[in-house]
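This report concerns only the one structure given below.
Heads up: numbering here begins at 1 and tracks the sequence.
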Amino acid sequence: MAAPGRCGVELVRAGLKVWQLGPHAVREWVAPFRSLLGCQRRCVSSVGAATFSDPRLASASRHYGQGSAMDHFVGVSQPENSLTSCAPAVSMYRDEQNLLLVQPPDMPENPRVLRVVLLGAPNAGKSTLSNQLLGRNVFPVSKKVHTTRCQALGVITEKESQVILLDTPGIISPVKQKRHHLELSLLEDPWKSMESADLVLVLVDVSDKWTRNQLSPQVLQCLTQFSQVPSILVLNKVDCLKQKSILLELTAALTEGVVNGKKLNIRQAFRPCPDTRCPRPAAKDLNTQSEKNARKIGWPNFQEIFMLSALSQEDVKTLKQYLLAQAQPGSWEFHSGVLTSQTPEEICTNKIREKLLEYLPQEVPYNVQQKTVVWEEGPSGELIIHQNLLVPKESHMRILIGEKGHLISQIAQEVGCDLMDIFLCDIQIRLSVKLLK
């Protein structure tokens, strides 16, 4: 979800410079460019830097942007209409972020807390929903599977309630993990998260006609093993459905016709089809139905059902208020200025990886190695980042660079915009593409 301060902001100009360094054994392409947000131009001393600045990001301190986590910690007052009245920013300094994470929570008299695990198949929209709930895009999102590689933690704090979101990787089978040589965290983290959960959100992508009709065996196994944890069903991407009646069929299948201990009565929702070639669910072949019943496809213990689009602020707001209301009396785990447990460098690396997954074809982005070589504060308080992108093949390097360097330039440009919104400070970023020896 874009921050309010970014509405109407245009990218005015991007400069591009291409060069090669070293002998033929090592070829490097660097994507430097300058992009200005708002109507203000800044002088940058470093050649070929990529700078993002916005006059609305004036800071009370050169060490952390307005509304940052450290602002909340040291008690810098925030105007009611500030960019971050709802969600604190993340400090661009690892030490400050770590300091905030270990600070005693600034709890009210009657604190309430809820630990929520987001569970679902890969690409169901868990990270998108988490970002919307948090109010900042701190988790990586792309259309490709396995964007989230390990458990990430986000914190929502409003009034006396604190909701801790555990955004897990898409739950997969051991067979897939071994076949595709995926990280062990993809297999283990969803299960570990459930051990401390107070509530589990099961997301289903209703736009995927191949997977939406049943919960995956891994999700069902997880729900069964932790049946004591209350669960709710979230049907995501409902805006992609032309026939809303499909939602009723999916609800019946995924809940086995039972929600909060009560049987659903949705027969009246299905109108008889005059054409016998268009059977209703009840008119399916008996043998097929028997096989379906023998194989469990739904979970009859969901307490609630939400039908939403994770991209809709209004839909997500309803879910967020529900989660806050479910918080139970208990001590907060974090200071109210904490938005995520990730380090600034992790956020940056994940954001770059998000763009690589989004723009590069097939297996190419999964073969890119990332190495941050510069992370420092510039002379004017801007954050200077330089990251090397290492690829195994020259063909991959050409794909990543793009025609005349347009693709790598666009990736760096979008990453810079995203990081400015997360850290609330000016960003100077440089991406270098190198051939891995």
Side-chain angles (χ1 to χ4, degrees), residues 87-88 90 97 100-101 105 111-141 145-158 161-172 183-204 215-216 218-234 236 299 302-304 306 310 316 319-320 322-328 330-336 338-343 346-347 350 354 422:
V90 180
Q97 173 72 344
L100 188 67
L101 288 170
R112 305 171 69 87
V113 67
L114 185 74
R115 292 181 65 88
V116 179
V117 169
L118 283 80
L119 206 62
N123 216 27
K126 298 181 293 297
S127 294
T128 300
L129 180 58
S130 296
N131 286 335
Q132 289 281 59
L133 288 168
L134 291 173
R136 294 196 190 280
N137 296 327
V138 295
F139 298 142
V141 175
V145 297
H146 307 317
T147 305
T148 300
R149 312 298 283 189
C150 60
Q151 175 186 299
L153 185 148
V155 183
I156 303 170
T157 304
E158 287 193 11
S161 298
Q162 186 170 87
V163 176
I164 300 165
L165 299 177
L166 299 175
D167 181 24
T168 64
I171 192 165
I172 59 174
E183 293 97 323
L184 200 58
S185 59
L186 292 172
L187 185 65
E188 295 178 345
D189 280 6
W191 295 84
K192 290 181 180 178
S193 299
M194 290 293 292
E195 294 175 359
S196 61
D198 299 317
L199 181 70
V200 56
L201 270 63
V202 178
L203 264 71
V204 174
L215 299 177
S216 73
Q218 290 74 37
V219 169
L220 283 171
Q221 185 180 355
C222 197
L223 289 172
T224 302
Q225 181 170 331
F226 296 94
S227 58
Q228 76 281 4
V229 180
S231 57
I232 66 175
L233 175 64
V234 178
N236 189 24
W299 181 246
F302 288 119
Q303 291 189 346
E304 296 286 350
F306 284 84
V316 174
L319 176 60
K320 181 178 179 179
Y322 172 83
L323 296 178
L324 289 168
Q326 296 303 305
Q328 299 299 311
S331 300
W332 286 3
E333 296 187 32
F334 299 96
H335 190 277
S336 61
V338 173
L339 184 68
T340 178
S341 62
Q342 300 173 95
T343 67
E346 286 174 341
I347 292 174
N350 285 335
E354 167 189 305
I422 295 170

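- No side-chain heavy atom of Q225 sits less than 4.5 Å from a side-chain heavy atom of M194.
- Side-chain contact between F306 and L201 is absent, with no heavy atoms from C-beta onward closer than 4.5 Å.
- Nearest approach of V219 to L119, heavy atoms of both residues: CG1-CD2, 4.4 Å.
- Annotation for P111 and S331: closest pair CG-CA, 4.5 Å, computed over non-hydrogen atoms.
- A87 approaches L134 most closely through the heavy-atom pair CB-O, 3.3 Å.
- The distance from the OG atom of S196 to the CZ atom of F226 is 9.5 Å, given to the nearest 0.5 Å.
- Judged purely by distance below 3.5 Å, without hydrogens or angles, the side chains of N350 and Q342 pair a donor atom with an acceptor atom.
- Here the side chain of N137 pairs no donor or acceptor atom with the backbone of N131 at under 3.5 angstrom.
- I156 approaches L133 most closely through the heavy-atom pair CD1-O, 3.6 Å.
- For R136 (side chain) and P88 (main-chain N/O), a donor-acceptor pair under 3.5 Å exists by modelled atom type.
- Side-chain contact between L199 and L323 is present, with heavy atoms from C-beta onward closer than 4.5 Å.
- Side-chain atoms of N236 come within 3.5 Å of backbone N or O of A124 as a donor-acceptor pair.
- What you find for T157 and S336 is that their closest heavy atoms are CG2-CB, 3.8 Å.
- For the atom pair I422 CD1 and T340 OG1, the distance stands at 9.0 Å (nearest 0.5 Å).
- Every residue was checked against the side-chain hydrogen bond (donor to acceptor under 3.5 Å, both in side chains) condition with Q303, not counting sequence neighbours, and none meets it.
- A distance-only check finds no donor-acceptor pair linking the side chain of K126 to the backbone of V202 [under 3.5 Å].
- Side-chain contact check for W332 versus S161: every heavy-atom pair is 4.5 Å or farther apart.
- The distance from the CG atom of L223 to the OG atom of S231 is 5.5 Å, given to the nearest 0.5 Å.
- When atom types are taken as modelled, the side chain of Q328 and the backbone of Q326 share a donor-acceptor pair closer than 3.5 angstrom.
- Applying the salt bridge (Lys or Arg N to Asp or Glu O under 4.0 Å) criterion to E333, with sequence neighbours excluded, gives R115.
- Taking every heavy atom of both residues into account, F139 and E354 meet most closely at O-OE1, 3.9 Å.
- Counting heavy atoms from C-beta outward, V113 and I164 have side chains that approach closer than 4.5 Å.
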